[in-house]
2 protein chains.
Amino acid sequence: MSLSTQPYKGARDFYPEDKRRQDFMFSTIRRCVKSFGYEEYDAPILEPLDLYIAKSGEELVNEQTYSFIDRGGRSVAIRPEMTPTVSRMVAKKYHELTFPIRWFSIPNLWRYERPQRGRLREHWQLNVDIFGVQDSNAELELIMVSDAIFKAFKAGRSMYEIRINHRRLMDYIFEKYLGLDKAQAYSMAKLIDRRAKMDSSMFLAEIDAVFTPGQRENGASEKLLAVLDSDDIKLLPDELLNLESLKELESIIDKCLYHGIDNVTFDISIMRGFDYYNGIVFEIFDKHPDNNRSMMGGGRYDGLVGLFGIQPVPTAGFGLGDATLANFLELHGLMPELKTETDIYLIPVGDNIDGCLKAAKTLREMNVNVAVDLTDKKLGDRIRVAHKMGIRYVLIVGKKELDTDQYTLRDVESSVEEKHSLERIVSLVLDRRTHHI
Amino acid sequence: MSLSTQPYKGARDFYPEDKRRQDFMFSTIRRCVKSFGYEEYDAPILEPLDLYIAKSGEELVNEQTYSFIDRGGRSVAIRPEMTPTVSRMVAKKYHELTFPIRWFSIPNLWRYERPQRGRLREHWQLNVDIFGVQDSNAELELIMVSDAIFKAFKAGRSMYEIRINHRRLMDYIFEKYLGLDKAQAYSMAKLIDRRAKMDSSMFLAEIDAVFTPGQRENGASEKLLAVLDSDDIKLLPDELLNLESLKELESIIDKCLYHGIDNVTFDISIMRGFDYYNGIVFEIFDKHPDNNRSMMGGGRYDGLVGLFGIQPVPTAGFGLGDATLANFLELHGLMPELKTETDIYLIPVGDNIDGCLKAAKTLREMNVNVAVDLTDKKLGDRIRVAHKMGIRYVLIVGKKELDTDQYTLRDVESSVEEKHSLERIVSLVLDRRTHHI
């Protein structure tokens, strides 16, 4: 029986045309994030399973992690997220590193979930983190970085929305305003996180199930719904308006507006799945009706580095997934057509392969990318190969061309031919190049 | 108890200074391989375990593979090599693809082995493959590509050696010349592959154990040793000299010499571990006495795509590991000093953070990478942060600078200060940039 040619379920093969799209996205992102002074890091895809048990949330670890016992008896996991790893790395070199640290990475992450549009078992995720900044200038910078990424992709402000909330505001609402205990607060946070995926009667039934009979009689459900439906900070109950967390939220929204980021909005339903967030949290939503979902999420998580036995470090960060970003770019017409980076298909004719290989070498030394035809097909078929591969130029090279240094450069699309020296061909080809973003 | 900060055994964390070295290596490699018309692809790190059982060799699958059962009951492996994956991808789109195909990838691969210098559990490996070329121009091109990579790193020809052999020559020697059966030939190939790691008496004992008593009496050991000690094709026994495989070897060595690759040599001990090779095989060795080991290996493997139920495709390829390459570059003094890509550390003074963020934005829009200081440290300590981070320039910005558009650019290393407009600062910084390889 022959082997299957399918990739592993929920994961993607990247053929050259797919890889070019990924390169376009990642190189745009890298340029943008580096312009804010962030430096790239990476780490092994396998980590001790313990790393995720501490703070990642139960569902992720118990149901969605690719974990196994290695041949040496260690419990390991393929990383489902990067935050525990980067926290481990900061803790490891805590005494050598110069704070504040600005780091980013674009790791591949694995989660065992039902594959669906924009949600895959393997995806890549930009992670941007800043360690060592106590005040909300850290979160402001992260919002500016993520906004700059969308701008770098030429996205208009009407295409996406930045939604912002505060974990300490939610803690106050759950514990003080509604009187929930820790377990109730945890369940409620998870429910609110999933609210957009439920119809309203189901949501109501589920929150009622979290409240005790006494809480229900005291109108806890109505109080919670009134809060959840406040789409403006000023509509919140008076009791909440003087909270420090709310003032921090207002201040950061004001600063965003000052810097021209006017698509930022308060959204009390932004909870973020992970348990480690403890301050401002934010997400970026695609506003396209066919892809109305979160593409990016982050916030403050000051405690995580402290799990490794050192002082906690004030930290904020965000993650941005490649699959949802690709959907966004495609739906909004922002994904450019990306052709092969091979400039010239050089076709040797007659018995001149060695001379042709030398000519190709000369071209390459002047930074032109040249594929040499090594088939024994007919000339017309060889030219068709270049066309099918999307290579713009063909150079047909025989003894005469090699002897005279006059080569006919054929533009495969327009069929226009020009006769030049190799050196002149190089400058023409490099001038007209559209790839190499 | 606090969590460990160590990365998984035998795998590496890449802090920014490590990641810069990796980026330097990979971007040099990418540029070089693309100049030959190769296009990059990628694939999931998990594959069905079946993919490796067919052809990868027993030791790799049984003892060294990271394999486990996923939550859906599938036997999967973290890829220990890329060749089965790329073969799968070619087979999947066999009818859409235009041959010959030139593809490359730089995947991370996992093997459970005892970690040692240049041999890690996770490493990255450049894979370069050409599909659809029957004759040895494919192997010649691959040798030229790998040679060009070393040249791109400014390696001299005396620093490395290309060693070449032919699997069909070895098949003839094992089966016809020595009369071994398939199982004996397999064991012998593995022994020869490991010869350099054994002392000569142990090697002798081990090959004697493979031969039957009859073969030993007929002088099989002596015949084999005579062949193995022929470091020149012309010293081989007459019976072998007219073989097609030997003529192919001589021809490819001649062509290499014609193209200036004079550090190529015939080496009958080059076996390549994998079972799928069936023609010319080659490796590149570091000639440094402290790192005298194989850095790159490859050859022809025509049968692999055929395992997926389609016609076999003539194929050749090679792999080059990142850890051995890094050792090579460091030992030969070819690894450059790589500094941060952050150009300017902008330090806001007074209550001007918002104006400073705007100035930073202006600089970034002109392609300068700017980290804004967000600490509340004293000015001297802030400047020291820039110095420790290796950032070349500091810009101290207060109300006066913002109002007059005259900023003092301080070169942290030389302590030289210059006063200019933002625009002038941009052109100075970009002109003097040494990173962005």
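Per chain, numbering begins at 1; letters A, B, ... match sequence-line order.
- In this structure, A:Tyr8 and B:Arg74 have side chains that are in contact, with non-hydrogen atoms separated by less than 4.5 Å.
- Only the backbone of A:Ala138 comes within contact range of chain B, judged by heavy atoms closer than 4.5 Å.
- For chain B, the nearby part of A:Ile130 is the side chain; its heavy atoms alone come within less than 4.5 Å.
- Only the backbone of A:Val368 comes within contact range of chain B, with at least one heavy atom under 4.5 Å from a heavy atom of that chain.
- The residues A:Glu96 and B:Lys388 are annotated as not salt-bridged, no charged nitrogen and carboxylate oxygen being separated by less than 4.0 angstrom.
- Neither the backbone nor the side chain of B:Arg384 has a heavy atom closer than 4.5 Å to any heavy atom of chain A.
- The residue among B:Thr375, B:Val385, B:Asp354 with the most heavy atom pairs within less than 4.5 Å of chain A is B:Asp354.
- Ranked by heavy-atom pairs under 4.5 Å with chain B, the list A:Gly72, A:Gly132, A:Ala360, A:Ser87 is led by A:Gly72.
- Contacts of B:Lys93 with chain A are made by both backbone and side-chain atoms, with heavy-atom separations under 4.5 Å.
- Ranked by non-hydrogen atom pairs under 4.5 Å with chain A, the options B:Asp135, B:Ile310, B:Asp18, B:Ile78 are led by B:Ile78.
- For the options B:Tyr112, B:Tyr15, B:Tyr66, B:Tyr345, heavy-atom pairs under 4.5 Å to chain A are most numerous at B:Tyr15.
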* Decide salt bridge (Lys or Arg N to Asp or Glu O under 4.0 Å) for B:Glu341 and A:Arg31; before the verdict, give the C-alpha distance in whole Å, the side-chain angles of both, and the deciding distance to 0.1 Å. => CA-CA 10 Å; B:Glu341 289 182 62; A:Arg31 221 170 20 242; over 6 Å; no
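- Contact annotation for A:Glu365: only side-chain heavy atoms (C-beta onward) come within less than 4.5 Å of a heavy atom of chain B.
- Side-chain atoms of A:Thr342 and B:Lys34, non-hydrogen and from C-beta on, never get closer than 4.5 Å to each other.
- Residues passing the side-chain contact (heavy atoms from CB on, under 4.5 Å) test with A:Lys358, sequence neighbours excluded: B:Tyr258, B:His259.
- Side-chain contact between A:Pro7 and B:Lys92: present, with at least one pair of heavy atoms (C-beta onward) separated by less than 4.5 Å.
- With chain A as partner, the option from B:Val133, B:Asn137, B:Leu374 having the largest number of non-hydrogen pairs under 4.5 angstrom is B:Leu374.
- Between A:Phe68 and B:Phe68, the angle of the ring planes stays under 30°, which puts this pair in the parallel group of the 30/60° scheme.
- Of the atoms belonging to B:Leu140, it is side-chain heavy atoms, and not backbone ones, that fall under 4.5 Å from chain A.
- Inter-residue side-chain proximity for A:Thr5 and B:Val90 is flagged as unmet; no heavy-atom pair is nearer than 4.5 Å.
- Interface remark: B:Gln6 contributes backbone and side-chain atoms alike to the contact with chain A (heavy atom separation under 4.5 Å).
- A:Ala371 and B:Arg102 make their closest contact through CB-NH1, 3.7 Å (heavy atoms, listed as atom of the first residue, atom of the second, distance).
- Considering only heavy-atom pairs separated by less than 4.5 Å from chain A, the leading option among B:Pro16, B:Ser105, B:Ala11, B:Ser35 is B:Ser35.
- Among B:Val372, B:Asn108, B:Ile69, B:Ile391, the residue with the largest count of heavy-atom pairs under 4.5 Å with chain A is B:Val372.
- The shortest side-chain heavy-atom distance between A:Thr65 and B:Arg71 falls under the 4.5 Å cut-off.
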Which pairs would a plain distance check flag for residues 36-48 of chain A, meaning a side-chain donor or acceptor within less than 3.5 Å of a matching protein atom at least two apart in sequence or in another chain?
| residue | atom | partner | partner atom | Å |
| --- | --- | --- | --- | --- |
| A:Tyr38 | OH | A:Glu141 | OE2 | 2.7 |
| A:Glu39 | OE2 | B:Arg20 | NH1 | 2.9 |
| A:Glu39 | OE2 | B:Thr340 | OG1 | 2.7 |
| A:Glu40 | OE1 | A:Arg30 | NE | 2.8 |
| A:Glu40 | OE2 | A:Arg30 | NE | 3.2 |
| A:Glu40 | OE2 | A:Arg30 | NH2 | 2.9 |
| A:Glu47 | OE1 | A:Arg88 | NE | 3.1 |
| A:Glu47 | OE2 | A:Thr85 | OG1 | 2.8 |
| A:Glu47 | OE2 | A:Arg88 | NE | 3.3 |
| A:Glu47 | OE2 | A:Arg88 | NH2 | 2.9 |

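- Looking at A:Phe99, the atoms closer than 4.5 Å to chain B (heavy atoms on both sides) all sit in the backbone: N, CA, C or O.
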